[in-house]
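Report on one structure; see the data block that follows.
Everything quoted here is computed from the prediction, not taken from an experiment.
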Amino acid sequence: MRRLTHRLSVVALFLSILFQPLSSSFAADFKREVIYQIITDRFYDGNTANNNPSQSAGLYDATKTNWRLYWGGDLQGIQQKMSYLAGMGVTAIWISPPVDNLNTNIPDGGGNPTASYHGYQGRDFKRIEEHFGNASNTWTDFDAMVSAAHASGIKVIVDFAPNHSTQDNAGEFGSLYDNGTFLGNYTSDTNGYFHHNPNISGGGWDDRYQVQYYTLFDLADVNQEHATMDAYMKAAAQLFQQHGVDGFRIDAVKHVTWGWEYSFANSIYTYGDSFLFGEWYQGNTADPLYHDSYKFANKSGISLLDFPLNTAIRNVFASNSNFSDIDAIITAEGNNFTWKEDLVTFVDNHDMARFLSVNNNNNRLHEALTFILTSRGIPCIYYGTEQYLHNDTGGGTDPYNRPMMPGFSTTTTAYTLTNKLSTLRHSNPAIPYGSMAQRWINNDVYIYERKFFGSTVLVAINKNETTGYSISGLNTSLPVGTQSDYLTGLLGGVPITVGSGSGGNNPVTTFTLPAHTVSVWQFTEGAAAPEIGSIGPTQGQPGVKTTIAGRNFGTATGTVKFGTTTATVSSWSTTQIVVTTPSVANGNYNVTVTDSGGTVSNGIQYTVLTAKLIPVTFTVYNATPTSVGDYIFLTGNTVELGAWSTTWDGAVGPMLTPNYPNWFLNASVPAGQTIQFKFIKIAAGGAVTWEAGSNHTYTVPTSGVGFVNVNWQY
């Protein structure tokens, strides 16, 4: 009887995978999503058979007392909890790296065994870790998990770590495999697959060369400029796309060769629909490499985790700083990031103490959650937050910020709150696409408004535990009348009365905002002209598909134009359109939608690349002398090279000079094209010095990687 039941279960699972419904939206528009970050090993043990696999035996701790060993969570465990996630309003999961990881024990300083349970020591990027799947390292469990997620309307993001393999001085010594075939290791690196530099330390964390080319915590640093490594990482990412992955979180994006990552993103988008964001750690907008971070996000096709805003969120809600800290970051990043709505916001994650370890106050956690779920950006919730999970040993930092999931209650306030605000994110376009403006602020109260054309969401947070505030002089774009709390009092919210004003400034009758409460008021516009809120990817060569999202596009197919050129439409709905990048000259274009009735939308920027991108390392010898604050940049005749720009943000760079006065930089340029370029010096004060002579020329390879070595022309 048990065997028959098992066979019927297998058949049912196969049929559900075969006939699962198609995802209702495209990955390229992630602004409506609510992401849930999962450390796979610490979520749920769905298959005890993979807890202690033979090829990596002894790395599992059934007692769950050694925090640096495997505890049993796996892909089947995630699959089995998909309805729990969907019920919370989660629409995307970010899982820790699932690739085949380090197989050996590397004891800690006390002689205790440790394992790469977190997934960040990949040994074979084309196979699935046996602790998460099966002893044969096949894709079976991964595929079943992805299918279950998609059937529940949940997208899947894979954490991908192209910066490094395993530890370079112990264990497997950085060994890399290609679907089971040995490629090489760090200690016998005759092919040059790895960089052989010291660990980043001290001031090196702010040095552009060390950040990209030195070693991160003894992990074998992959040389992406080597043709074999370039092809290997891109093929591995494409393999995940073939297995249904909707997006990638790129680990240590700040430490991978920046120029190469442009081509990596382009390779993914060329293959198919996806969303990319990366980990660029920085404490705030005063970080020495902050300018580099937003230039990278604006031009690479890869968004970022919003660390500056995370710092402000934790300072304000956990440490009781003033709300001006958050408001200042929102303003600064709004001025710097072109695609600020694609920044991924978060309260905590696997590399920092959980919020409740810093301040064990559920009210403050609810307020912080409300903020990331309603402010600009894509919210990401760390697993267990909705269950108030935390372990405060050692201050709650790594590894104690990664406990086993304690349970799956669907009745906690945080679970309900996330569900309600996820629903609002999908129903009111002001949250995913709208502007964000501060409407009223003091040390304890923050009232901000999200607005997308005629749709409005107004949020009021009072973090003071004992004091209510009288709110007077508040204006809003909400319509005239009584506006009830969207959360129906879940966090103590109150109604407001809106009077008649002008110019989007309707006065709100003075009211009291009670202590430690959150109120959310909203209005969704009815029928209107087509309204574009998103385009993704934001760049691509002719032939690459991009998704335009917004509202009021109509059910009948209209037209999409890049400038004055009509693009081919692949699919059309009232909220999403997929088009193919047309064959036009490279450059920036204003994209518009015209509905079937002839009404034209607002425009949105899109960059048409010349061709698919190839990473090329440019070196200029004996460049013109520089002083502190001066840098050499690369500029040239295509949009990829800055179209002869002479500004910090427009030209390619700054270049790197570990061997002054020689400078080098890896840049992604159009395949098969004969490009023209020159090097320039941009002085600290902005003055520009061009090298003399004719333009340099170079024919870019049609595949692989390239290298250019020239002398500065005097």
Side-chain angles (χ1 to χ4, degrees), residues 27 95 97-101 119-129 132-133 136-140 142-143 146 156-166 174-185 189 191-195 220-253 256-257 259-276 278 300-302 537 540-541 543-545 611-617 666 668-669 671-672 700-706:
I95 65 170
V99 302
D100 184 21
N101 254 257
Y120 292 103
Q121 292 201 51
R123 64 194 297 276
D124 194 329
F125 285 68
K126 296 183 181 180
R127 291 188 171 188
I128 300 300
E129 166 59 37
F132 303 151
S136 299
N137 300 104
T138 71
W139 291 78
T140 304
F142 184 87
D143 291 341
V146 170
V156 177
I157 303 165
V158 160
D159 204 324
F160 195 82
N163 179 70
H164 55 264
S165 57
T166 66
S175 293
L176 267 179
Y177 295 81
D178 186 344
N179 195 25
T181 301
F182 179 71
L183 289 176
N185 64 23
D189 187 23
N191 293 310
Y193 292 160
F194 300 94
H195 297 131
D221 197 71
V222 173
N223 176 14
Q224 296 89 12
E225 291 158 81
H226 191 289
T228 300
M229 292 295 96
D230 168 71
Y232 175 75
M233 290 299 178
K234 290 172 180 174
Q238 188 176 116
L239 186 58
F240 275 103
Q241 289 183 279
Q242 292 168 358
H243 283 272
V245 163
D246 303 287
F248 296 88
R249 179 265 191 184
I250 303 175
D251 179 63
V253 73
V256 183
T257 305
W260 175 83
E261 290 180 295
Y262 287 53
S263 74
F264 179 68
N266 178 251
S267 173
I268 290 172
Y269 293 135
T270 299
Y271 182 80
D273 181 46
S274 195
F275 174 70
L276 279 67
S300 67
I302 303 170
Q541 68 273 20
V544 170
K545 290 186 177 180
K612 75 175 183 179
L613 298 182
I614 300 294
V616 173
T617 301
N666 186 267
S668 291
V669 289
V700 182
T702 56
S703 62
V705 302

Does any N or O in the side chain of [X] come within less than 3.5 Å of the main-chain N or O of [Y], such that one atom is a donor and the other an acceptor?
X	Y	answer
Ser300	Tyr262	no
Asp246	Ile157	no
Asn101	Val99	yes
His226	Asn191	yes
Tyr271	Gln242	no
Ser136	Thr138	no

ask   = Should the pair Trp260 and Phe264 be assigned to parallel (<30°), tilted (30 to 60°) or perpendicular (>60°) ring geometry?
value =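 Trp260 vs Phe264 ring planes: parallel.
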ask   = Phe240 vs Trp139 aromatic rings, parallel, tilted or perpendicular, using cut-offs 30° and 60°?
value =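 Correct class here is perpendicular.
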[X] vs [Y] side-chain heavy atoms within contact, under 4.5 Å:
X	Y	answer
Val158	Phe142	yes
Ile95	Phe132	no
Pro162	Val222	no
Asn137	Asp124	no
Lys612	Asn266	yes

Looking at [atom1] of [X] and [atom2] of [Y], how far apart are the two atoms once the value is rounded to the nearest 0.5 Å?
X	Y	atom1	atom2	answer
Thr228	Leu183	OG1	CG	8.0 Å
Gln224	Phe194	CD	CZ	10.5 Å
Glu129	Gln121	CD	CD	11.5 Å
Ile268	Leu276	CD1	CG	4.5 Å
Tyr177	Ser165	OH	OG	10.5 Å
Arg127	Leu239	CZ	CG	11.5 Å

task = Using side-chain hydrogen bond (donor to acceptor under 3.5 Å, both in side chains) as the criterion, point out the one residue from Asp100, Asn185, Thr166 that pairs with Arg123.
result =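 It is Asp100, the one option of Asp100, Asn185, Thr166 that forms the side-chain hydrogen bond (donor to acceptor under 3.5 Å, both in side chains) with Arg123.
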key: Residue that, paired with Tyr120, satisfies side-chain hydrogen bond (donor to acceptor under 3.5 Å, both in side chains) out of Asn163, Asp251, Asp159   =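 The residue from Asn163, Asp251, Asp159 that satisfies side-chain hydrogen bond (donor to acceptor under 3.5 Å, both in side chains) with Tyr120 turns out to be Asp159.
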ask   = Is a side-chain donor-acceptor pair under 3.5 Å present for Ser267 with Gln238?
value =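 There is no such pair between these side chains.
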ask   = Considering the options Thr617, Val616, Asp230, which one meets the side chain to side chain contact (heavy atoms under 4.5 Å, CB included) requirement together with Val705?
value =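 So, applying the side chain to side chain contact (heavy atoms under 4.5 Å, CB included) to Val705 and each of Thr617, Val616, Asp230, only Asp230 qualifies.
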message = Are more than 12 heavy atoms, taken from residues, nucleotides or ligands other than Lys234, located less than 6.0 Å from that residue's NZ atom?
response =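 Correct, the count exceeds 12.
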task = Using a strict 4.0 Å threshold on nitrogen-to-oxygen distance, state whether Lys126 and Asp178 make a salt bridge.
result =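 Yes, this pair counts.
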request  = Return the minimal non-hydrogen interatomic distance between Gly259 and Ser668, and the atom names on each side.
outcome  =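 Between these two residues, the closest heavy atoms are O-OG, 2.6 Å.
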